[in-house]
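Written below as C-alpha cells is the structure these notes are about.
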Amino acid sequence: MCGRYASSRRPEDLAGIFEIEKWEPEESLAPDFNVAPTKEVYAVLDRPVKDAADPRPVRQLRTLKWGLVPSWAKTPEGGARMINARAETVHEKPSYRRAFTSRRCVLPADGYYEWVTAPDERQLEVEGKKKRPRKQPYFVTPADGSVFAMAGLYEFWRDKTLPDEHPSPSSRLRSSRGGPTAWWVTCTVITTEAETTPLAAAPDEGPRSLADIHPRMPLMLTPDRWDAWLDPSRTDADDLRTLLEPPPHGLLRAYPVSTAVSNVRNNGPELLTELAGPEEGTLF
C-alpha cells in the first residue's frame with residue numbers, strides 16, 4: 001500500500017519535468033516530507049481549461065486532496081480510507097471505475113515510506129503477546145534521484161447541502177480560506193504487487209526486495225507512459241489496463257529512516273536521512 005510519502009519538489013521544477021502548460025502560483029504547496037491522507041498534494045492531469053475557447057486538453061499541475069470521494073457518495077467522510085486503489089480491480093470497483101476511464105492523474109513524489117515488522121516482533125503479535133510491535137520505516141525512491149511518478153485517479157464530489165451559487169474554489173483555496181466549498185477534488189494512488197526482484201541498491205542489513213518490506217507498492221509510471229496514462233481520449237477499460245503493468249525491475253532503492261516519520265506531526269528533510277542500519281529494537 002501507500003499511506004505516507006514525501007513530495008518536496010517546487011512547482012517550477014515539476015512544471016519542467018512534466019511539461020506543464022498551466023499551474024496557479026497561489027496553489028503552490030510547501031515541501032512536504034511526511035504526506036499523509038487528507039493532505040493536499042500535487043497532481044498532474046490533462047484536462048480542458050474551464051471556460052476556455054480552446055477545448056483541447058491542457059496539461060495542468062493542480063492541488064487535490066488525498067483520499068478519493070466518489071461522485072455518488074452522500075458525504076465525503078469515507079475519503080480518508082480510499083487512499084489506494086488496487087491495479088488488479090480498479091477497472092471494476094464502483095468507487096474507481098469511472099475515474100479510471102476518464103480521470104487519471106500522476107502524483108509526483110520523491111518516494112514513499114513503508115514499515116517493516118521484524119520477524120521476532122511479528123511472531124509475538126501472532127501469539128498475542130504484543131499488541132503493537134515496533135516497526136522500522138524504510139524510504140523507497142528511484143535509485144537515479146528522479147521523480148517517483150505514482151499512477152493516480154481523481155474525482156469531483158458535489159456537496160448538495162450548499163446552494164448552486166456557492167463558490168467552488170480549488171481545493172487549495174478552500175483549505176486556505178477555511179470555509180466550505182460546493183466542490184471537492186480528491187485523488188487516490190494506484191498500487192500493485194511489490195517487486196520480488198533485488199533492489200537497485202539495498203541496505204547492508206534488512207530487506208533485499210520491495211516484497212520483503214510490504215506486499216504492495218505504488219504503481220510507478222516511467223516517463224514513456226506518462227502521455228498515454230494522462231490522455232483523456234483513452235476511455236476503453238481493457239485498453240487502459242495495459243498501462244497498469246509494473247515498471248521495469250531494478251529502478252528503486254530502499255533504506256531505513258528514523259522512526260520519527262511514524263508521527264505525522266514530524267515534517268522536515270531530516271526524515272529522509274539514511275540510517276546506517278535499522279534502529280535498535282526494530283531489526284529486520
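Predicted model, so just to flag it, every value in this text is computed and none were measured. Any value given below was found using the heavy atoms of this structure, including those in side chains, with hydrogens, waters and symmetry copies removed. Starting from 1, each residue takes its place in the sequence as its number.
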Report all side-chain donor-acceptor pairs from residues 219-232 shorter than 3.5 Å, counting only partners two or more places apart or in another chain.
unit_1, atom_1, unit_2, atom_2, d
T222, OG1, D224, OD1, 2.6
R225, NH1, E245, O, 2.4
W226, NE1, L221, O, 2.9
W226, NE1, T222, O, 3.4
D227, OD1, R59, NH1, 3.2
D227, OD1, R59, NH2, 2.9
W229, NE1, C105, O, 2.8
D231, OD1, S233, N, 2.9
D231, OD1, S233, OG, 2.7
D231, OD2, S233, OG, 3.0

- Task: Identify, with sequence neighbours excluded, every residue that meets side-chain hydrogen bond (donor to acceptor under 3.5 Å, both in side chains) alongside E155.
- Result: R103
- For S7, enumerate each residue passing the side-chain hydrogen bond (donor to acceptor under 3.5 Å, both in side chains) test, keeping only those at least two apart in sequence or located in another chain. none
What distance separates [X] [atom1] from [Y] [atom2], expressed to the nearest 0.5 Å?
| X | Y | atom1 | atom2 | answer |
| --- | --- | --- | --- | --- |
| H214 | E114 | NE2 | CD | 4.5 Å |
| R10 | D13 | CZ | CG | 4.0 Å |
| L64 | L107 | CG | CG | 7.5 Å |
| L210 | Y138 | CG | OH | 12.0 Å |

Residue pair [X] / [Y]: nearest heavy atoms and the distance that separates them:
| X | Y | result |
| --- | --- | --- |
| P57 | E21 | O-OE2, 4.5 Å |
| H91 | R97 | O-CB, 3.3 Å |
| P48 | P55 | CG-O, 3.4 Å |
| S28 | P11 | OG-CG, 3.6 Å |
| V140 | A254 | CG2-CB, 4.0 Å |
| P218 | C2 | CG-CB, 3.6 Å |

- Message: Taking atom CD as the centre, does E19 end up with more than 12 heavy-atom neighbours from other residues, nucleotides or ligands that are less than 6.0 angstrom away?
- Response: no
- Task: Count the heavy atoms belonging to other residues, nucleotides or ligands that lie under 6.0 Å from NZ of K39, then report whether that count exceeds 12.
- Result: yes
- Item | Derivation and outcome, side-chain contact (heavy atoms from CB on, under 4.5 Å), residues Y154 and R47 | CA-CA 12 Å; Y154 68 98; R47 186 177 181 84; 3.3 Å; yes
Quick check: does any side chain N or O of [X] sit under 3.5 Å from a backbone N or O of [Y], one acting as donor and the other as acceptor?
| X | Y | result |
| --- | --- | --- |
| N34 | N266 | yes |
| T63 | Y42 | no |
| Y96 | N84 | yes |
| D212 | S209 | yes |

- Item | Polar side chain donor-acceptor pair, N267 to D32, under 3.5 angstrom | yes
- Query: Which other residues belong to the hydrophobic cluster containing F33, where Ile, Leu, Val, Met, Phe, Trp and Tyr are joined when side-chain heavy atoms lie under 4.5 Å apart, directly or via other members?
  - Reply: Y113, W115, F139, Y255, V257, V261, L271, L272
Just so I know, are the side chains of [X] and [Y] near enough to count as touching, which here means a heavy-atom distance under 4.5 Å?
| X | Y | answer |
| --- | --- | --- |
| L153 | V90 | yes |
| P37 | R81 | no |
| S71 | W157 | no |
| R208 | P198 | no |
| D46 | V58 | no |
| R234 | R104 | yes |
| Q60 | F18 | no |
| D110 | R9 | yes |

- Hphob cluster co-occupancy, V35 + V264, side-chain heavy atoms under 4.5 angstrom: no
- Item | hydrophobic_cluster_shared for I190 and L240, side chain cutoff 4.5 Å | yes
- Item | Within residues 186-196 or reaching into it, pairs that qualify as side chain to side chain donor-acceptor pair (under 3.5 Å) - sequence neighbours excluded | T191-R216
- Item | Residues which pass salt bridge (charged side-chain N to carboxylate O under 4.0 Å, His left out) with E24, listed by chain and number, not counting sequence neighbours | K22
- Message: Walk me through whether Y5 and W66 qualify under ring pair (Phe, Tyr, Trp, His ring centres under 6.0 Å).
- Response: CA-CA 11 Å; Y5 68 93; W66 186 18; 5.1 Å; yes
- Item | Residues R253 and E274 bridged, charged N to O under 4.0 Å | yes
- Task: Apply side-chain contact (heavy atoms from CB on, under 4.5 Å) to L45 and R62, showing your working.
- Result: CA-CA 8 Å; L45 53 91; R62 303 289 298 274; 4.0 Å; yes
- Verdict with supporting geometry, S258 and E270, side-chain contact (heavy atoms from CB on, under 4.5 Å): CA-CA 9 Å; S258 169; E270 68 278 2; over 6 Å; no
